[in-house]
Structures are given as structure tokens and as C-alpha cells.
Engineer: 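Got a structure for you, written out below as C-alpha cells; questions coming shortly.
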Amino acid sequence: MNKVKQNFNDLAIVRGTPAFPEKLYVGRPNIGNREHLLDRINDILDRKWLTNNGIYVQEFEQSIAEFVGVKHCIATCNATVALEIAIRAAGLKGEVIVPSFTFIATPHALQWQEITPVFCDIDPQTHNIDPNKIVQSITPHTTGILGVHLWGRSCNVEALSEIAHTYNLKLMFDAAHAFGCSHQGRMIGTFGDAEVFSFHATKFLNTFEGGAIVTNSDELAEKIRLMTNFGFAGMDKVIYIGTNGKMTEVSAAMGLTSLESIDNFIEINYRNYKWYQQELADIPGIYLLKYNENEKCNYQYIVLEIEESETQISRDKLLEILHAENVIARRYFYPGCHRMEPYNSYFPYARLLLPETERLSDKVLLLPTGSSSNKEQIRIIAQIIRIAIMEAKNIFP
């Protein structure tokens, strides 16, 4: 049974018992209709066609393309491999401008192919790459811009497109957070030269593990399909360098099952977002990231900025308190890619050009949501945060 906290002494970090008997995680998988999934898996086993562009992968790709409104979707084993393939297929080389405030896979997909990620600062309001800082990062070696639609909120697509056009650069997007989201009424996945989705288990719509590249370019799609399957263009005919980036049939079956429940998943996420909004509203120094409810959104993340000057407690101390209560809140994307290896060694002074990234990295905290969360849990989590802030000086004298 969940334990409601009433005062300072109730906190587990002081002397109380944890509020939750089991850990509450950020990114707990959403599961669709089990019977439909198992029916599909049994059909896969009966067909004895487990991978290599089977009927479920084909159906999943078609469904994603139709949902997004894009010509081509190529499903992959994961989003990191999808990024690597899309980057190579687009012909990127030299230097590519990318935010540091993102998951490490974004710059790794470049560096893995000996392309230098040039870290650019973010807009403090949107948390996305700041178009005003991009131009000063362009050099004769720059071949592209890789934007990230963080939290499902779109980049300034128009500004990035204009810069890419002016400087003859490729424009791609890491849309790992943004499946089911829109920008000015147009679905994310239809912008730039190509966009990459993640269907990892922690995403609101998952294929166990998986990703996809979407594009309106016939030429790019053809290259990507070749590169995802070793460069094969027929039974024994390899015409292009490639790798093994294919999605399996069972992953596609999970994806199709998840798609059947997508409206329900979004409804649950939105409900949780509104509950958090209500419960956290009166807590000083706690700022819940807002979504534009005029756009389509998956509401996948509950993102807080902790303003220590108002809370009198740091984000990391608050994290300790929540973890003690079995609320496994997360720091995203701490400490910023530029402070991780090998980039910290390659660019030891990058932080001087990334003040907003540095600031945000010390403030952001994500809370549990999704189909595993409920109103009571959210109320208790908010109460823990409320008591932590009221009693901060007593907890950490």
C-alpha cells in the first residue's frame, strides 16, 4: 500500500518508510492488447518467418508512413542504428551541428562514423537547439544540422530549414521523443531530409526495441533500404555498402499492437500531465514544462525545472529524497554530452559556449508517468516534493 507523507519525519531519507513498496520508474513500458500481440507472435511462429522484411515489418512500415503522412518508412532494429544509417545515406561528413542537451546516442551516431559533432547551445524556453547560435558554428567543414525535437516539442523547423538552405547543408532530425507529435499542424517526421523515431521500450509507443527512418526522398529511401540490409539488391547481388539494421517480425508485431492503443496511451499521458500540473501548481520553485495543447503531442515526459534559489534545495538533493521513497526520478540529460567522453577530452572548453545547456543540465528532473501511473501516486509524489522543499534546511542542515 502506498504511504501518504504528512511531515518531515515521514520522509524515508529521515526515518520513515518508502512511500511506495515498489519502485516507480520513468519510462515504464506501455503494453497494448496482450491477446492481439500473442496472436501475432503465434502467427509469426507458424509462418516460420522471423526477420528479413516479413509481412509484419512491411505492415508496420506502411502504418507508420500513413500515420505520419510521409512517403517512406524504413523500420530498424533501434534508433541509434537508424541515425547512423540515415547520416551515412545522406552523405554527411566533416562536421555536423548538434545540441549537447540530448541523449548521448545523437552525437555518438556521428562520431562513430568519424564525423565531428559540433555542439550548439539551446533555447532556454524550448530546450531545443537555438537557431541563433547555429550560424556562428558553421565552418567550411560543416555538412549538416542534426536537430532534436526534445520532449516531443518541435525544433524551430522554419529557422533551421532557412539556415540549411542558405548554407547548402543537410537537415536531419532526431525525433526519438516526437512520434505522434506535430508542428504547426504538420506531423513531425515530414521535415528535413529525414527524421528518426525511437520505439525503444521506454518510449510511449514501443516495439520492445526498435526505430525507424522516415523521409519523402525516393533517392534517400532507396539508399537507406540497401544500407539496412547489407547492401543487398536481390538474392546474391550486393550493390552498396551496408550493415544489419533490420527490425524483426516480433518487434513489428509489438509495434502494430502498440499502434492499436496509441490513442489510449496518449490519453493516459495527457491525464497524468494535467494531474501533475494541478498537484505541483502551488509549490515554489518547481516549474513543470508546458506542452502546446493546440498541437498533437504524446505527453510522454513530465519535465520539471528546479529553481534552487526558490526551493532552497538542489535538484540532486531532491532526487535523493525521491529515490529514498522509491520514486526513481531521472536527470535528463545530465551532465550534457559535451561533458561525456570522448567529447569532454576532445572539446574541454565547450562548456564556455554552452551556458544554457550547462544551466539546464543542473535543473531538469523527470517524474514517472505512463500507463503504470495513477492519480494517487502523482498526489503522493507531489506531496513528497512539497514537504522536501518546506523542510529542506532540516533534511540537509
Side-chain angles (χ1 to χ4, degrees), residues 53 56-92 96 98 102-103 105-106 109 128 144-155 157-158 160-161 164 170-200 203-207 209-229 242-243 245-248 251-252 254-256 258-259 262 266 295-298 300:
N53 197 36
Y56 286 100
V57 166
Q58 292 178 43
E59 183 182 350
F60 182 66
E61 290 180 337
Q62 183 178 351
S63 297
I64 295 296
E66 290 176 356
F67 181 88
V68 173
V70 70
K71 288 175 68 175
H72 303 284
C73 170
I74 302 93
T76 58
C77 55
N78 60 60
T80 303
V81 167
L83 273 174
E84 292 169 358
I85 291 172
I87 286 163
R88 183 178 287 269
L92 296 181
V96 171
V98 64
T102 182
F103 186 54
T106 314
N128 287 325
I145 301 167
L146 179 53
V148 181
H149 302 299
L150 211 60
W151 320 128
R153 303 195 306 177
S154 69
C155 292
V157 172
E158 291 74 22
L160 296 185
S161 298
K170 297 288 186 180
L171 176 60
M172 306 182 72
F173 292 101
D174 179 338
H177 287 186
F179 184 73
C181 303
S182 69
H183 171 72
Q184 296 189 3
R186 181 175 161 189
M187 295 300 288
I188 289 175
T190 60
F191 300 108
D193 295 288
E195 303 202 50
V196 170
F197 292 126
S198 172
F199 301 119
H200 185 266
K203 300 300 185 287
F204 91 104
L205 187 141
N206 76 83
T207 61
E209 176 85 77
I213 306 165
V214 288
T215 180
N216 280 314
S217 167
D218 296 341
E219 179 183 0
L220 195 57
E222 184 179 2
K223 283 185 181 179
I224 289 167
R225 286 204 178 276
L226 286 168
M227 294 173 71
T228 304
N229 187 33
T243 186
K246 301 186 298 295
M247 177 178 280
T248 67
S251 288
M254 182 61 167
L256 288 166
S258 298
L259 275 171
I262 188 170
I266 293 174
E295 295 284 357
K296 290 185 178 180
C297 183
N298 56 42
Q300 182 181 337

Engineer: When rounded to the nearest 0.5 angstrom, what is the spacing between OG in Ser154 and CZ in Phe191?
Structural biologist: 7.0 Å

Engineer: Distance from Met227 atom CE to Glu222 atom CD, nearest 0.5 Å?
Structural biologist: 12.5 Å

Engineer: How long is the straight-line distance from CD of Glu84 back to CG of Leu92, given to the nearest 0.5 Å?
Structural biologist: 13.0 Å

Engineer: Measure the spacing between SG of Cys297 and CZ of Phe204 and express it to the nearest 0.5 Å.
Structural biologist: 9.0 Å

Engineer: Could you name each residue pair satisfying salt bridge (charged side-chain N to carboxylate O under 4.0 Å, His left out) that touches residues 73-82, not counting sequence neighbours?
Structural biologist: none

Engineer: May I ask you to check whether over 12 heavy atoms, not counting those of Lys170, lie within 6.0 Å of atom NZ?
Structural biologist: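 At most 12 heavy atoms, drawn from other residues, nucleotides or ligands, come within 6.0 Å of this atom.
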
Engineer: Quick check against the 3.5 Å criterion: does Asn206 have a side-chain atom that pairs as donor or acceptor with the backbone of Ser258?
Structural biologist: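 Flag not set: sc Asn206 to bb Ser258 has no pair under 3.5 Å.
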
Engineer: Roughly how far apart are Met247 CE and Thr228 OG1, rounded to 0.5 Å?
Structural biologist: 11.0 Å

Engineer: Sub-3.5 Å donor-acceptor pair from the side chain of Thr215 to the main-chain atoms of Ser217, do we have one?
Structural biologist: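 Indeed, once roles are kept as given, a pair shorter than 3.5 Å links the two residues.
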
Engineer: Pairing donors with acceptors under 3.5 angstrom, does anything connect the side chains of Gln62 and Gln58?
Structural biologist: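 Side-chain D/A pair, Gln62 to Gln58: absent.
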
Engineer: I'd like a table of donor-acceptor pairs (distance under 3.5 Å, sequence neighbours excluded) in which one partner is a side-chain atom from residues 71-81, with atom names and distances.
Structural biologist:
unit_1: Lys71; atom_1: NZ; unit_2: Asp218; atom_2: OD1; d: 2.8
unit_1: Lys71; atom_1: NZ; unit_2: Asp218; atom_2: OD2; d: 3.2
unit_1: His72; atom_1: NE2; unit_2: Asp218; atom_2: OD1; d: 2.7
unit_1: Thr76; atom_1: OG1; unit_2: Asn78; atom_2: O; d: 2.9
unit_1: Thr76; atom_1: OG1; unit_2: Gly211; atom_2: O; d: 3.2
unit_1: Asn78; atom_1: OD1; unit_2: Thr80; atom_2: N; d: 3.1
unit_1: Asn78; atom_1: OD1; unit_2: Val81; atom_2: N; d: 2.7

Engineer: What closest approach, in Å, do Ala82 and Ile213 show between heavy atoms, and which atom pair accounts for it?
Structural biologist: O-CD1, 3.3 Å

Engineer: Residues in ring pair (Phe, Tyr, Trp, His ring centres under 6.0 Å) with Phe197, at least two apart?
Structural biologist: Phe179

Engineer: Holding to salt bridge (charged side-chain N to carboxylate O under 4.0 Å, His left out), I want the full list of residues that pass it with Arg153, two or more places apart in sequence or in another chain.
Structural biologist: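 Checked Arg153 against salt bridge (charged side-chain N to carboxylate O under 4.0 Å, His left out); zero matches.
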
Engineer: Please report the shortest heavy-atom distance between Ala105 and Leu83, naming the atom on each side.
Structural biologist: O-CD1, 4.2 Å

Engineer: With Glu195 as reference, evaluate Val214, Val68, Val70, Leu171 under the side-chain contact (heavy atoms from CB on, under 4.5 Å) test and give the passing residue.
Structural biologist: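 Going through Val214, Val68, Val70, Leu171 one by one, the side-chain contact (heavy atoms from CB on, under 4.5 Å) with Glu195 is satisfied by Val214 alone.
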
Engineer: For residues Leu259 and Ile64, determine if any side-chain heavy atom of one lies less than 4.5 Å from a side-chain heavy atom of the other.
Structural biologist: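 Result yes, sub-4.5 Å side-chain heavy-atom pair found.
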
Engineer: So, for Val148 and Cys155, which heavy atoms are closest and what is the spacing to 0.1 Å?
Structural biologist: O-SG, 3.1 Å

Engineer: Would you call His177 and Leu150 a side-chain contact if the rule is heavy atoms closer than 4.5 Å?
Structural biologist: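 Side-chain contact under 4.5 Å: yes.
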
Engineer: Can you name the salt bridge (charged side-chain N to carboxylate O under 4.0 Å, His left out) partners of Glu209, sequence neighbours left out?
Structural biologist: none

Engineer: Hey, what do you get for SG (Cys181) to NZ (Lys296), rounding to the nearest 0.5 Å?
Structural biologist: 10.5 Å

Engineer: Counting heavy atoms not belonging to Phe67, are there more than 12 under 6.0 Å from its CZ?
Structural biologist: yes

Engineer: Go through the steps to decide whether Asp174 and Phe103 satisfy the test side chain to side chain contact (heavy atoms under 4.5 Å, CB included), and finish with yes or no.
Structural biologist: CA-CA 10 Å; Asp174 179 338; Phe103 186 54; over 6 Å; no

Engineer: Mind telling me whether Phe173 and His149 have parallel, tilted or perpendicular rings, with 30° and 60° as the class edges?
Structural biologist: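 Parallel.
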
Engineer: Which heavy atom of Lys203 sits nearest to which heavy atom of Ala176, and what is that distance?
Structural biologist: CE-O, 3.4 Å

Engineer: Could you list the residues that satisfy ring pair (Phe, Tyr, Trp, His ring centres under 6.0 Å) with His200, not counting sequence neighbours?
Structural biologist: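 In terms of ring pair (Phe, Tyr, Trp, His ring centres under 6.0 Å), with neighbours along the sequence ignored, His200 is linked to no residue.
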
Engineer: Of the non-hydrogen atoms in Ser63 and Leu256, which two are nearest, and what is the gap between them?
Structural biologist: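 That closest heavy-atom pairing would be OG-CD2, 3.8 Å.
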
